[in-house]
Amino acid sequence: MSAPSDAMVEIRSVHKNFGSLEVLRGIDLSVRPGEVTVILGPSGSGKSTLLRTINHLEKVDQGWISVDGTLVGYRRDGNKLYELREREVLRQRTKIGFVFQNFNLFPHLTVVENIIEAPVSALRRPRKEAVEAAEKLLARVGLADKATAYPAQLSGGQQQRVAIARALALEPKLLLFDEPTSALDPELVGEVLDVIKDLAHGGTTMIVVTHEIGFAREVADTVVFMDEGRIVEQGPPADVLDHPTQERTRAFLSKVL
Amino acid sequence: MPPQTDLLPPSSSAPPPVKHDGDSAVPRIVPVRRTGRWTAAVAVLVLLALALSSVIRNEAFEWDVVVSYFATASVLRGLWLTLWLTAVVMVLGFALGALLAVLRLSGNPVLQAVSWGYVWLFRSTPILVQLLFWFNIGALYPQILGVSTVTLMGPVTIAVVGLTLHEAAYAAEVVRGGILSVERGQVEAAQSLGLGPWRRFRRIVLPQAMRSIVPPAGNMLIGTLKGTSIVSIIAVQDLLYSVQLVYHRTYQVIPLLLVATLWYAGVTSLLSIGQRYVERYYARGTAGAR
């Protein structure tokens, strides 16, 4: 393995095609432990696909990704990458939390059942212990009183906070957020961003795909701007957001700011 | 009672405090008169009454014979066979159907084709033909594993095998439709949480698929209960065959058919009520369910 030891996430020359469409055209990115990376870019720029390759929901066609020093989805032998069996990929995923745009809570399970499902079945935690941990997590996202509710009884913002608690229940080393506030009514965006900010200040390594420029400015250590499957520029928010060097970044920011 | 100027109920004829004679009064809404609706209802009720009275007064129905045979031992034995045959065929049919659905949705093109071929074969021929075919299977294979086919496959076994294989083809499509109705994001969420394939299917996909599976499965259950009557042609003593045995001896065809009819209708009605509760269970967590 050639991944430098100081990076939590290492992405090297990743390519991904959907049929004849090139979605990712050579992505290189490093994320250090405890860092918050925000990925910005127009629709179709490949930012969500990139995020999904990090926990192997999408397979890469070329290149490699490592998380915490371990290749994701493959085993390297000499100059070949052998695809891992599903069981091994699933084990890797328990170290990577993923929060979806549409929450994807399990609608037939209560809030607490949603949260303990993975700890109990994937990590083999005793149920009682998992429930206690879930209650602490719910308190942390401000929903201590909603443990026995079903997802449909909650607002969008509450559902997304449950989804974040569910991802945290596996105690992941890395959290990935795929446009976590895009499906929310405007007045509910703040409560979800507050939870994410709180996690960021607590030192969780995270990569966030979002359209919230204000959030990026406030929380991000690194802002990455993507377009047409490539990283156009990256750097601290003060540089990328306020003094972009690339014309494409300036054009995008002038439309969304 | 105060004098009324029109036919309105007292509350609206009593002047509200803001009522004036001019345009400023809030106008009252008068619904349209539904004369046609009343006429149609009366006409249909009269026709129903006529039909009912003819049924009651026509002695050929022989209601006393219906009552005397309704709960005889041979009828009840036939009913019992119909009930357990239905249950066995539903359980085995859905087990095989679920397997076929999983094969069809698997990534393996050979398994997909086999599943598709099975459904095609058993859906495109009448169940009557299939049953007669199994009844004569001895002509094709006189022995199975060294045992004479006629000994191995009695009429009841043939009924179970024939109905189950037919049922499975339909069940496969019902289960497949249910699985496809579950949002893709649900599986992705389960994958991202590290849940294994079996756990994902049993804990996440299947319970949600059941909401789409239960209504057509309820239809199939009722259809199967009635459909088992077809086994009477291969001399399996189900409910229909039991009453046929009696009327071939006594020639009381109509009252004995009524005995079977009442039992079929009674049991299917109970099943419909049961389906409501099963649907409510699988709708838990959806808006308006609690």
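Numbered from 1 within each chain, the chains take letters A, B, ... in sequence-line order. Just the heavy atoms: all of them, side chains too, but no hydrogens, waters or symmetry mates, feed the values below.
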Crowding at CZ, B:F133 (>12 non-hydrogen neighbours, <6.0 Å)
no

For chain B, which residues of residues 91-103 of chain A have heavy atoms nearer than 4.5 angstrom
A:R93, A:T94, A:I96, A:F98, A:F100

Flag yes if more than 12 heavy atoms outside A:L21 fall under 6.0 Å of its CG atom; otherwise flag no.
yes

Within a radius of less than 6.0 Å around CH2 of B:W120, do more than 12 heavy atoms belonging to other residues, nucleotides or ligands occur?
no

Considering only heavy atoms from C-beta outward, does the side chain of B:P197 approach that of A:L90 to under 4.5 Å?
yes

By ring pair (Phe, Tyr, Trp, His ring centres under 6.0 Å), A:F106 pairs with (sequence neighbours left out) none

Does any part of the side chain of B:Q191, heavy atoms only, come nearer than 4.5 Å to the side chain of A:N55, both counted from C-beta?
no

Provide the closest heavy-atom pair for A:A122 versus B:G194 in the form atom of the first, atom of the second, distance.
CB-O, 3.7 Å

Inter- and intrachain pairs under salt bridge (charged side-chain N to carboxylate O under 4.0 Å, His left out), touching residues 166-178 of chain A, at least two apart
A:D68-A:K173

Which atoms of A:P107 approach chain B - backbone, side chain, both or neither, heavy atom under 4.5 Å:
both

State whether the number of non-hydrogen atoms from other residues, nucleotides or ligands found under 6.0 Å of A:E86 atom CD is greater than 12.
yes

Would one find more than 12 heavy atoms of other residues, nucleotides or ligands at under 6.0 Å from atom CZ of A:R75?
yes

Would you say B:R199 and A:E117 make side-chain contact, with heavy atoms under 4.5 Å?
yes

Salt bridge check: are B:R284 and A:E113 linked by an N-O gap of less than 4.0 Å?
no

Over 12 foreign heavy atoms within 6.0 Å of NZ, A:K197:
yes

Is there any residue in residues 202-213 of chain B with a non-hydrogen atom under 4.5 Å from a non-hydrogen atom of chain A, and which ones are they?
B:R203, B:I204, B:P207, B:Q208

Shortest non-hydrogen contact between A:A118 and B:L193, atoms and distance
CB-O, 3.6 Å

Nearest atoms (heavy-atom pairs only) where A:L105 meets B:Q186
O-NE2, 2.9 Å

